[in-house]
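Please read the structure below before turning to the comments.
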Amino acid sequence: MGKMTRTGGPGLGPGGFCVCPKCGFRKGHYPNLPCIEEKCPKCGAKLLREGSEHHLKIAEKRSKKNEDSRSH
Ligand SMILES: [Zn+2]
Ligand SMILES: [Zn+2]
């Protein structure tokens, strides 16, 4: 009880957003187009599905980095 562990598919449902892990650019997600096949128009980085495991990991890393640089 308590832990929401998901195995298998992303299960994010249709719609949602693609986000740029570098600059934070955000756009509507195309259902039939994987986010990583789209590139950020601002910085050229591959986009990620907002809320996906990959995106959350990167967001976590970034926030940790920020904390490190702040406390340093
Ligand atoms: Zn970008
Ligand atoms: Zn997308």
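One-based numbering, in listed order, for ligands and for the atoms of each. For reference, positions follow the sequence shown, starting with 1.
Remark: Leu47 CG to His55 NE2 distance equals 10.5 Å, nearest 0.5 Å. One distance of note links CD1 of Ile58 with NZ of Lys65; it measures 10.5 Å at 0.5 Å rounding.
One finds an angle of 100° at the Zn ion (ligand 1) between SG on Cys43 and SG on Cys20, to the nearest 10 degrees. Rounding to the nearest 10°, we obtain 120° for the angle at the Zn ion (ligand 2) between Cys35 SG and Cys18 SG.
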Throw together a table of side-chain donor-acceptor distances under 3.5 angstrom for residues 15-27, partners on residues two or more places apart or in other chains.
residue : atom : partner : partner atom : Å
Arg26   : NE   : Glu50   : OE2          : 2.7
Arg26   : NH2  : Glu50   : OE1          : 3.1
Arg26   : NH2  : Glu50   : OE2          : 3.3
Lys27   : NZ   : Glu38   : OE1          : 2.9
Lys27   : NZ   : Glu38   : OE2          : 3.3

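Checked against the Zn ion (ligand 2), the N, O or S atom of His29 at the shortest distance is ND1.
Open room surrounds CD1 on Ile36; 12 or fewer heavy atoms of other groups in view lie less than 6.0 Å from it.
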